[in-house]
Protein chains: 4
Amino acid sequence: MVDTQRSAPPSAERMRDAERTRAELLEVATEVFSEQGYSGARVDEIAERTRTTKRMIYYYFGGKEGLYLAVLESAYRRIRETEQGLHADDLTPVEAVRRIAELTFDHHHDHPAFIRLVSVENIHNGQHLGKVEALRDLGTPAASLLDEVLARGRASGELRADVDAVDVHMMISAYCVFQVANSATFGFLFGRDMLAPDVRERHRRILGDIVVAWLSA
Amino acid sequence: MVDTQRSAPPSAERMRDAERTRAELLEVATEVFSEQGYSGARVDEIAERTRTTKRMIYYYFGGKEGLYLAVLESAYRRIRETEQGLHADDLTPVEAVRRIAELTFDHHHDHPAFIRLVSVENIHNGQHLGKVEALRDLGTPAASLLDEVLARGRASGELRADVDAVDVHMMISAYCVFQVANSATFGFLFGRDMLAPDVRERHRRILGDIVVAWLSA
Amino acid sequence: MVDTQRSAPPSAERMRDAERTRAELLEVATEVFSEQGYSGARVDEIAERTRTTKRMIYYYFGGKEGLYLAVLESAYRRIRETEQGLHADDLTPVEAVRRIAELTFDHHHDHPAFIRLVSVENIHNGQHLGKVEALRDLGTPAASLLDEVLARGRASGELRADVDAVDVHMMISAYCVFQVANSATFGFLFGRDMLAPDVRERHRRILGDIVVAWLSA
Amino acid sequence: MVDTQRSAPPSAERMRDAERTRAELLEVATEVFSEQGYSGARVDEIAERTRTTKRMIYYYFGGKEGLYLAVLESAYRRIRETEQGLHADDLTPVEAVRRIAELTFDHHHDHPAFIRLVSVENIHNGQHLGKVEALRDLGTPAASLLDEVLARGRASGELRADVDAVDVHMMISAYCVFQVANSATFGFLFGRDMLAPDVRERHRRILGDIVVAWLSA
DNA sequence: GATGAATGAGTTTTCATTCAT
DNA sequence: TATGAATGAAAACTCATTCAT
């Protein structure tokens, strides 16, 4: 009978199923929260875009907020992992800062959902992020890399010595985040589509110019 | 006609009352929407923070969306008016761009509700702003002023000639918006309170440095 | 001062104005109630379609129900007046019943708002009409006229003697009311537009045929 | 797949519960809409007369209009099914038309809620019925049956040949609908209770007389 | 683990009516 | 009489969450 099968201990397949369900929920929820914001997102919609049901959100994440928290954490984790791939050992300090700026730029353009999620979280004053202690004061790989490069440049005299890595990282982040997070309103006011390939390319180059002009000794 | 003269015209006081009611709703709604986002904002809460009732929101604005639209339009209008006050005629081009950057910086810090509102609107892809045709492609006074200054600098050879005002405005905006809009998450990750007076002051100076370094010929 | 003029006793003009206002409200309300039903009609809409304001509805009629009652009474009164014009003295009884049927038919087609109003009132079980005692058990001129004609026909042997005027009137009314009151659903189910001129003409003739066939001795 | 088999299928009982809930809502809604009209009906009242809650109306029908639509469709469907039972094979054409008229008459008297619902829908110009495409141009079993009988009568020479079934059906419907739909106002004006058994009986006989008189060759 | 049905509290919206001038 | 502003009660509708199986 079906019944006896149902009470069987969790098989490996089943656990893999479970993992898949969780992952799918997380992925869809990331999209929905980044598209509609926290309050705007509907538990029903998230479930509907999934192969499972609403009940699973409660089973795996406890509720809407739990799901959102999991989304936040996984998003930050993933972004950090990607940034781990940044390297600039083989470049001069000046070349390196330009490269870091450009890669960060691409990175933002390629992960709009994450950027939007960050906006959403800021609207709520970071109150949810605050609950994910794991991420506190950890900075980000991009800032660490910048720190190294700035040290090298400071030593060689090629880069100015009076700025710290977080300042530079902030400037770069600000520029890049704006491209994605504010494209709708800025585009509307100035008739400029910041997501268009040619515009994107220009903005990318300009960012490199700014950073190099600023940091060169 | 006798008829129209005979009918008691609404007294000036009553009209002022009406205007006051409208204005109060608008003001409170600006706060609430910027604090909670569009979906998160509650019509009830807006009304409660007011001396009138929820009913008046429907009377004057037609509904939640109408109120939000009015908030958006009035916010942009107000910000633009404030920016009209910017002047830099008496400064050298280099001094002027620094000044503009710094004033823009202050401006953002002093109007966090507006910045947050812009974030909210971007979360919704600018779909509401798109309905306020009055604002389309109008740019902003700060960009116009930059245009003049860049022209002066280009003519005198003090500023580089290959950047346009919108690019500069975008860079400055990005930097300034980030201070306010992303202070929660950035502060959390890097343990830096961007709204603290001393930090603000440093960031302000850095922005000036960046702009000057970038634009100087 | 305007004030002293305002407190002057009602002039003839003013009374005429008042009468006009009342009449306009009544006319518009007749339309709106017949289009949307009693609950569906909006006091606001009635007022807006008028040159006066909502306040006047309360001033003249006490409220929505009072207005509806006034509409009902005036509609019945008007219809009765129009029916007073029916005459059939110069026709043979057979010709006369056909003529009455046909005129009643035209009458219904030409006053759809009234017919719809009657439907509305029936939906509410005639509870409002019941308050207009003036109309109780009064029948209608059409029925009275039929009574005369039937008497003539009975006397001359041309019409059958075993039917009474109310039965005939009911049959004719039923047929005519249906044309207008049920045209939407009947038209939908049978693909027949009962308000189209040629259809109307056929139905009119058929009604005459039915009545004559039925009543001829 | 294992997956689909493993998931516990909704039990037959639960499904029956769901069906019962839906059916109960539909039944109660039919009553309420026919008693109060579309605008006059209250979602709350419908729910209260039920063992479920208002929420279920939205769950199953999407809203008030969806419920009304479902009511309309089910009402027409049911009435059609009942009419399927009409037969007249064993009667002469003349007897048959009388029989059909009388059965239709009874049918109307026995389903006042349906008749009222049709009135309600006509007040709204059939705008909702228009959305239930399934019913368009389908006519009704009564008309089809009439068509057969008329053909028989035409062939045998017992019935006149120049009328079509829809005309006859319309005449009969008009007479019958009026009994129910206009009983309140007609009764008030002529002091005749059309729902009283003896009156009903007389009207029924008269209808038969009319139809036979009209259609006999 | 999974599913469809159900729910209660909340949220937006509407409406007839009244008030102040 | 007339007008725009204001209102409270009620109506429609939504949403995160839980239950029974």
Side-chain angles (χ1 to χ4, degrees), chain A residues 6-8 10 14-15 17-18 21 39 41-47 51-60 62-65 67, chain B residues 3-4 6-15 17-22 39 41-45 47 52-60 62-65, chain C residues 6-7 10 14-15 17-18 21 39 41-47 51-60 62-65 67, chain D residues 3-4 6-15 17-22 39 41-45 47 51-60 62-65:
Chain A
R6 227 196 274 130
S7 56
R14 204 180 247 238
M15 283 174 65
D17 282 2
T21 300
S39 309
R42 299 291 162 236
V43 171
D44 272 292
E45 186 186 346
I46 295 173
R51 274 167 311 175
T52 39
T53 67
K54 198 166 34 163
R55 187 65 190 76
M56 290 301 94
I57 290 174
Y58 292 87
Y59 187 81
Y60 284 116
K64 183 181 183 177
E65 195 187 356
L67 177 56
Chain B
D3 254 312
T4 56
R6 220 195 281 133
S7 64
S11 76
E13 281 134 56
R14 266 188 88 59
M15 279 174 66
D17 279 4
E19 205 39 60
R20 199 196 304 146
T21 301
R22 241 191 85 99
S39 310
R42 298 290 165 237
V43 169
D44 271 295
E45 188 187 343
T52 36
T53 66
K54 186 168 42 162
R55 187 60 190 76
M56 287 296 96
I57 290 175
Y58 293 87
Y59 187 72
Y60 282 114
K64 184 180 183 177
E65 196 188 355
Chain C
R6 225 195 277 131
S7 57
R14 202 181 249 239
M15 282 173 63
D17 282 1
T21 299
S39 309
R42 299 291 161 239
V43 170
D44 272 291
E45 187 186 344
I46 294 172
R51 275 166 310 176
T52 40
T53 67
K54 199 165 34 162
R55 186 66 188 76
M56 291 300 95
I57 290 173
Y58 292 87
Y59 188 80
Y60 284 115
K64 183 180 183 176
E65 196 187 354
L67 177 56
Chain D
D3 256 312
T4 55
R6 221 195 280 133
S7 65
S11 75
E13 281 132 54
R14 267 189 90 59
M15 281 175 65
D17 279 4
E19 204 40 58
R20 200 196 305 147
T21 301
R22 241 191 84 98
S39 309
R42 298 293 165 232
V43 169
D44 271 295
E45 187 186 343
R51 272 168 311 175
T52 36
T53 66
K54 182 170 44 163
R55 186 62 190 75
M56 287 295 97
I57 290 174
Y58 293 88
Y59 187 74
Y60 283 113
K64 185 179 181 177
E65 196 188 353

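Convention: sequence-line order gives letters A, B, ...; per-chain numbering from 1.
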- Message: Both D:S39 and B:T52 contact DNA chain F. Which one's nearest nucleotide lies toward the 5' end?
- Response: B:T52
- Residues that A:R51 engages under salt bridge (Lys or Arg N to Asp or Glu O under 4.0 Å), provided they are two or more places apart: A:E24
- Query: For the pair made of CG in A:D44 and C1' in E:dA6, what is the distance, rounded to whole Å?
  - Reply: 13 Å
- Task: Tell me whether the OP1 or OP2 atom of E:dA6 has a side-chain N or O from D:T21 closer than 4.0 Å.
- Result: yes
- If you write DNA chain F from 5' to 3' in dot-bracket form, with Watson-Crick or G-U pairs under 3.5 Å, [ ] for crossing pairs and | for pairs with another strand, what do you get? .||||||||||||||||||||
- Item | Given DNA chain E, 5'-ward residue of the pair C:A41 and D:Y59, judged by closest heavy atom | D:Y59
- Note on the structure: When rounded to whole Å, the CE to C1' distance for the pair D:M56 and F:dC13 reads 13 Å
- Specify the separation, in whole Å, of atom NZ of B:K54 and atom P of E:dT14. 12 Å
- When rounded to the nearest 0.5 angstrom, what is the spacing between OH in C:Y60 and OG1 in C:T52? 8.5 Å
- Item | First of B:Y58 and C:G63 reached from the 5' end of DNA chain E, by closest nucleotide | B:Y58
- Closest heavy-atom contact between D:T53 and D:A47? C-CB, 3.9 Å
- For A:E65 and C:T53, take the nucleotide of DNA chain F holding the closest heavy atom to each; which residue's nucleotide lies nearer the 5' end? C:T53
- Evaluate side chain to side chain contact (heavy atoms under 4.5 Å, CB included) for A:K54 paired with A:D44, printing each intermediate quantity in order. CA-CA 6 Å; A:K54 198 166 34 163; A:D44 272 292; 3.2 Å; yes
- Message: Without decimals, in angstroms, what is the distance between D:K64 NZ and E:dT14 C1'?
- Response: 11 Å
- Query: How many Å lie between CZ on D:R22 and P on E:dG4, as a whole number?
  - Reply: 16 Å
- Query: Taking CZ from B:R42 and P from F:dT14, how many angstroms apart are they, rounded to a whole number?
  - Reply: 14 Å
- Spacing between A:Y60 atom OH and F:dT17 atom C1', to the nearest angstrom: 19 Å
- When we call it a touch if two heavy atoms are under 4.0 Å apart, what does C:R55 touch: a base, just sugar-phosphate, or nothing? base
- Note on the structure: Whole-Å distance, B:I57 CD1 to E:dT14 C1', equals 14 Å
